[in-house]
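Note on naming: letters A, B, ... go to the chains in the order of the sequence lines (proteins, then strands), and numbering restarts at 1 for each one.
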Protein chains: 2
Amino acid sequence: MVYHYGGARGASAAKREAKQRIIDAAIELYAEHGLGAVTLKQIAALAEVSAPLVIHHFGSTSGLRTACDQEAARRIYAYKTMAVAMGEQFTFEAMLRQSAAHRPLLRYLTQALMAGGEEVDALMDQLVDDAVAYTTDAVEQGLVRPSPNERHRAAMLLLQGLGAMMLHRQMKRLIGTSPMDDPPEEWGPYILTVFDIYAHGVFTPGAYDHALSQITAPSEAPSAPPQTSQRGPDS
Amino acid sequence: MVYHYGGARGASAAKREAKQRIIDAAIELYAEHGLGAVTLKQIAALAEVSAPLVIHHFGSTSGLRTACDQEAARRIYAYKTMAVAMGEQFTFEAMLRQSAAHRPLLRYLTQALMAGGEEVDALMDQLVDDAVAYTTDAVEQGLVRPSPNERHRAAMLLLQGLGAMMLHRQMKRLIGTSPMDDPPEEWGPYILTVFDIYAHGVFTPGAYDHALSQITAPSEAPSAPPQTSQRGPDS
DNA sequence: CCAGAGGCTGAATGCCTGTTCAGCCACAGA
DNA sequence: TCTGTGGCTGAACAGGCATTCAGCCTCTGG
């Protein structure tokens with residue numbers, strides 16, 4: 001179609017360029033529409049390339065999927081490495097400034113996590129490892145409360161955070177903004193809401209004790225106060 | 001295929017039965033594989049019915065989708081009505097006992113929420129309304145802390161809870177159990193983890209103040225403590 | 001200047017999709 | 001007992017899918 005063989009650059013550079021364009025297009029479309037709802041032609045069209053070329057480079061569509069998983073893992077690893085290398089310079093602001101670039105990547109990750117797969121499962125394990133390391137560090141600095149199970153908490157925070165991102169359309173509708181749709185300057189309501197929950201908690205101490213006793217010995221109390229925490233799975 | 005015209009029941013009963021079986025099959029498959037990744041024949045096969053019959057009843061596949069949305073809304077409404085009718089009898093236990101029956105429904109809901117659509121958006125708004133009512137009630141009873149924005153908090157809790165359910169495969173892997181995969185008796189680790197977060201919060205009071213000041217006036221502090229709350233969108 | 005290599009394409013292939021059509025079978029009403 | 005109605009089907013259809021193939025065009029190495 002477009003097919004312009006970009007002038008002076010070498011063949012290997014052109015190859016890498018088209019191959020990369022295909023992966024980028026695939027990640028973007030998979031992120032947007034889900035892994036099962038994207039056709040080869042859509043990817044080829046977005047990458048401004050013919051469909052057979054995709055097969056030529058990746059063997060098949062599932063080969064492309066694998067390549068996307070690897071690319072996602074690679075980019076996330078690179079991001080983490082960079083963050084470590086920046087050290088003190090990696091401020092909250094610096095993180096926000098990069099957010100737009102990683103947006104499709106993050107949405108692809110959530111889609112891939114839903115589908116599962118060896119590659120992606122391993123990546124998720126790594127993310128949990130990192131989250132545990134971060135929070136443990138923050139606990140020692142007195143910024144984060146200790147947890148009876150640091151790993152479970154870190155995993156759940158990750159699942160909740162990523163999961164909420166999957167519903168970004170609804171988030172945008174319900175709280176007016178979402179990190180997936182808007183630039184960081186407009187994340188205010190999102191950040192405030194998350195902080196509201198994660199800073200103070202949701203339950204009062206009394207409710208926590210009450211609910212816990214009801215769960216461990218369910219038949220003794222007829223009222224149902226802990227509904228809120230169960231709203232996800234049940235209502 | 002099977003096609004057994006079940007003996008003594010009338011034609012209208014048989015019709016309703018097949019139609020219902022199709023909707024059930026569709027909801028189950030859409031819930032499992034995503035809205036864009038299910039074929040008409042798969043649905044027909046699971047419902048033990050021919051593909052043309054699905055078209056005959058719903059006009060087209062998108063007609064079936066609409067019917068599924070309506071059915072999902074109907075069932076959720078029925079569930080809420082029942083809960084209200086049970087009143088004091090609607091205990092935590094009673095809720096759990098019903099969970100398995102509503103499992104595909106809930107997964108369908110999350111898939112539909114991702115895709116969006118008029119019908120489903122309205123349903124989500126209703127769910128938020130209910131969540132606000134519940135939490136406001138619980139605040140008055142002293143079980144839940146008040147929030148600066150009750151609606152935003154209720155919406156975010158819903159998004160986080162539903163979102164985490166979408167990643168139930170990962171949840172199962174990471175904390176060993178998930179409400180989508182296991183019976184209520186095994187939800188222990190899930191409930192404890194959610195309670196850990198929602199009861200005590202994650203941040204210490206000092207970290208909250210520090211982070212808040214850094215966000216509202218970002219350029220004054222070079223360190224980056226509030227990473228944890230941003231892990232969802234960024235790392 | 002002349003092969004050879006390789007990125008890349010359009011056209012062709014066979015499979016699978018949603019949908020249409022004509023007709024079957026069980027039941028309801030006369 | 002006959003006739004109509006309606007749930008339901010297999011077969012047929014066009015269109016779209018991933019994939020294969022033969023060949024083009026540009027660059028590279030000699």
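The side chain of Thr61(B) has dT19(C) as its nearest neighbour among dC8(C), dT19(C), dA18(D). Out of dT19(C), dC8(D), dT9(C), the shortest distance to the side chain of His57(B) is found at dC8(D).
For residues 181-192 of chain B, the pairs satisfying salt bridge (Lys or Arg N to Asp or Glu O under 4.0 Å) are Lys172(B)-Asp182(B), with sequence neighbours left out. Legend: side-chain hydrogen bond (donor to acceptor under 3.5 Å, both in side chains) pairs involving residues 108-120 of chain A, not counting sequence neighbours, sorted by first then second residue: Arg65(A)-Tyr108(A), Asp69(A)-Tyr108(A).
For the pair Leu29(A) CG and dA18(D) C1', the interatomic distance rounds to 16 Å; values are reported in whole Å. Between the CD atom of Gln20(B) and the P atom of dG7(D) there is a distance of 15 Å, rounded to whole Å. Rounding to whole angstrom units, CD1 of residue Ile55(B) and C1' of dT9(D) are separated by 14 Å. In this structure, the NZ atom of Lys19(A) is 14 Å from the C1' atom of dC8(C), given to the nearest Å. Atom CG in Leu64(B) sits about 11 Å away from atom P in dG18(C), given to the nearest Å. The nearest whole Å value for the distance from the CG atom in Leu53(A) to the P atom in dC25(D) is 17 Å. Whole-Å rounding puts the Phe58(A) CZ to dA18(D) P distance at 15 Å.
A heavy-atom distance below 4.0 Å to DNA chain D is reached by these residues of residues 31-42 of chain A, ordered by number: Thr39(A), Leu40(A), Lys41(A).
The minimum heavy-atom distance between Ala47(B) and Ile22(B), with the atom names listed, is CB-CA, 3.8 Å. Scanning all heavy atoms of the two residues, the minimum distance from Met165(B) to Pro179(B) falls at CE-CG, 3.6 Å. For the residue pair Glu71(B) and Arg74(B), the shortest heavy atom distance occurs at OE2-NH2, 3.0 Å.
Phosphate contact (OP1/OP2 of dG7(D), side-chain N/O of His56(B), threshold under 4.0 Å): present. Ser60(B) has no side-chain polar atom (N or O) that falls below the 4.0 Å cut-off from OP1 or OP2 of dG18(C).
A heavy-atom distance below 4.5 Å is not found between the side chains of Leu192(B) and Asn149(A).
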